[in-house]
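Everything on this sheet refers to the single structure shown next.
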Amino acid sequence: MNQKSNFYAVSAVVMLGILVGLSLFTFSYAQGASYLSDDPNACVNCHVMREQFDGWNRGSHQAVAVCNDCHTPHTFPQKWIVKGINGFNHSWAFTTGNFPNTIQIKSFNAQVAEDNCIDCHETMAINVHGSGDKETLSCVACHGNVGHGR
Amino acid sequence: NINQRKQEAVQFPLKVVEIAAGELDPAVWGLNFPSQYDSFKRTQENYGETPYGGSEPYSKLERYPAMIRLWAGYAFSKDHNEERGHYYAQIDQENTQRVQIVNQPGACINCHAAEAPGLIAEMGWENFNHTPYNDLKDQLHFGSSCADCHDPVTMDLVITRPAFRNAMEQRGIDLSQATRQEMRSYVCAQCHVEYYFLGDNKVLTFPWSQGLTIDNIEAHYDSYGFTDWTHAETGAPMIKIQHPEFEMWSTGLHARSGVSCADCHMPYVRAGSVKVSDHWLRSPLVNVSQACQTCHNRPEEELTERILTIQNTTASLLRQSEEAILAAIDAIVAAREAGVTDAELEEALLLHRGASLRWDFVSSENSTGFHSPQESARILAESINLARQAELAAYKLQAGK
Amino acid sequence: NINQRKQEAVQFPLKVVEIAAGELDPAVWGLNFPSQYDSFKRTQENYGETPYGGSEPYSKLERYPAMIRLWAGYAFSKDHNEERGHYYAQIDQENTQRVQIVNQPGACINCHAAEAPGLIAEMGWENFNHTPYNDLKDQLHFGSSCADCHDPVTMDLVITRPAFRNAMEQRGIDLSQATRQEMRSYVCAQCHVEYYFLGDNKVLTFPWSQGLTIDNIEAHYDSYGFTDWTHAETGAPMIKIQHPEFEMWSTGLHARSGVSCADCHMPYVRAGSVKVSDHWLRSPLVNVSQACQTCHNRPEEELTERILTIQNTTASLLRQSEEAILAAIDAIVAAREAGVTDAELEEALLLHRGASLRWDFVSSENSTGFHSPQESARILAESINLARQAELAAYKLQAGK
Ligand SMILES: [Ca+2]
Ligand SMILES: [Ca+2]
């Protein structure tokens, strides 16, 4: 936890600068402003997110969770920092075209998603993550399909 | 109502009693963990046969009569049944003819009674192993118990059986570093593994010095000419393999993908508003929806069909392997009758040994190939190859007379 | 940049020319579909060897010298190379000694030249098949072409080769009802299948009357005693198997899970902002991220390791099977030399045939087991079993003299 908040603190400063720079290019054209909303349509603005969007539309969470419920932290200001980082990363990657053909979630974002599973399903999944410092089993190892399938 | 459920969850675990360090009675542990205990008790239920597994303890010797000759001269050829739920671990051992026609050592108790760790602490490791089973059996009352797998205070998974700890140490694996997911297989690997009794003290040992594949295990035994028994018909120095589930699983794709024994045999089930591990350990074939569907988003029939396709293929190769080994036995017996000497037969006998232990590795592994389909087929291919070569070698010797 | 991509997406497909019904030149089709054409052209590139596949056309006979004796008396024993990209389909056929030392029929052209459908329309099916290859070869200019797989107007996938249509009709499968996903394998099944030339007209035929497994295929050939050639050393009536990718794949889990050839060999790639099918058909081992990661969310190294584990296991069994068949050949030759007659050898020769066609089914299948790992191992187990029995039968006959 401690390490995490340190990370967020440093990132907050860095992001401030980057966000400013960002607005100068692609960001606004790719409807970057809508990136800051929670509307899944904001994500499909980039057609590379189309598969996930389609999957999510058919998936078990369509009615209960939007992209950002899983992909950004549920707390302030972490939510906005992560949005900033990813908003920048995605725009940058999209503009340069420098990203893998098959997008793979990075471990940082995978952790954000798993924390969110637990946030919503804490009661149900108490035995999976346990209490205290018990190692948590990876939700995605068994529930790889819930977000948008594969 | 919702409020109450949340509390249930928060209060978990709900401690009714303190569980003492040596407590073996599942009913006592069950006071704190009623839903795990409820499912644990169901290992007593007979849910029937699956095509190759299940909980009906039918005689394997009757169903696959080839086994009687394949194991000729060894107690397994007298009594060996399909295994069933953990509830019967001690009961079935006590009742098998294998403890009656042979004077078995205490080592047998390691995996069949919750009392084992206590007796080991009391008697010492070597002493426990070599003391006759019959001298100790009256002290055994609980077959399988929570204490086999859990620490009574933290409820963490723990290794309670020395043979597994020793074997892993020998391989340079530090069990204290095991992840939670690894422990979900390691607790099973205390018992669901190939074993033998080493030396005069009959010390329970796992033959893993060279690794976990059948070739590694054979090399381990060959390295010092170990023999379980002498084949009654051919005189070959034989190895018997028992339940190598952990070894077979570890060569398979599920293991390499991080899927543990508990994932399939103890899948999560809902109990009220929390999910708990299903402690009714059994065939996933009667539980496909919980055991497989969470990871494999496919219809139940399709998943069942996947298991059966793999098993039918394995079974057809098992039958071919049995046929080949029986032919080898016949040829060796005929050669002996024609006057071929033991010394001349040496190569044929070693081929018989190699063929038989490979067949046994797949035959005695309880998933009928499912835990590692390609590897099971590979092993049987080699078994058949060796058996036919044994037959040929014996025939050549006979023709030479 | 983003602006350009958005437009690309909207305007696709961009029609520059009308493509005429008989148009074979990929460059013309490429005017309308430049990115597919660009990747299609890359089938000319040599991306090197993979452990068992790849595009380096090394001599298989040099790498696996056992093949020379296993195919003794058949043209394959003179010249057979690792196959490479579609660009070479016509070139490699024209240059192989197999069309020089033997007077091959036009039937060979079916899968190696874009001109085949046109010639068939012109000459008639039977006539095309039996006309000598050498009489027709000067009319062949394009090896593989878009027209092999696509309708020029709709760009839909279409079946252009009669042999596949005939074989499916015989099995009662109505190709007009095929789903799009099925078509993504069916277009490949026009060529990547076991075949033979039926009757005096050398009609290209797929041996599928009983089904697609090797046992079914053997039953098809046995049902009327078909023979590709007579083995030069043993005199056995042999069957040669060629590239049964479609048949092998169809016994595997990917097929049963609905995964098509194109999913792995033509994965979608980004071209600008649209996804197009990669027309550089090649080994997925040099393309794991696109070929596998869409479905298997695992690191590249792990997926590569999965392929190689399966292939190494298959390869080790292939070598054992070769060894066993060679031993059988030796034994049959020795028996003949000792005066055993053809009639007496009949059983041994049929065993030789059965062992060899099974080995060939796995050996000539170009995925080295990957398309169906357990089935490949099963087939090799049976090949070994039959080969050793042939050896024994021959030896017994020899000893009887
Ligand atoms: Ca059972
Ligand atoms: Ca190749």
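So that the names make sense, note that chain A is the first sequence line, chain B the second, and so on, each numbered from 1. The analysis underlying the following values was restricted to heavy atoms, covering all of them including side chains, and did not include hydrogens, waters or symmetry mates.
- Residue-environment remark: OH (B:Y52) exceeds the threshold of 12 foreign heavy atoms within 6.0 Å.
- The structure places CG of B:D263 at 7.5 Å from CG of A:L137, a figure rounded to the nearest 0.5 Å.
- One distance of note links CG of B:N297 with NE2 of A:H143; it measures 12.0 Å at 0.5 Å rounding.
- Residues passing the side chain to side chain contact (heavy atoms under 4.5 Å, CB included) test with A:A110 are A:I105, sequence neighbours excluded.
- With a 4.5 Å cut-off on non-hydrogen atoms, A:V128 touches chain B through its backbone and its side chain both.
- B:Q181 is not listed as a side-chain neighbour of A:E135, based on a closest heavy-atom distance of 4.5 Å or more.
- To the nearest 0.5 Å, atom OG of residue B:S273 and atom CD1 of residue A:I126 are 10.5 Å apart.
- Contact annotation for B:T179: both backbone and side-chain heavy atoms come within less than 4.5 Å of a heavy atom of chain A.
- With a 4.5 Å cut-off on side-chain heavy atoms, A:N127 and B:K275 do not count as touching.
- Using a 4.5 Å cut-off between heavy atoms, A:T136 touches chain B through its backbone atoms (N, CA, C, O) alone.
- In terms of heavy atoms, B:C295 sits closest to A:A141 at SG-O, 3.8 Å.
- For CG of A:N98, the number of neighbouring non-hydrogen atoms (other residues, nucleotides, ligands) closer than 6.0 Å is 12 at most.
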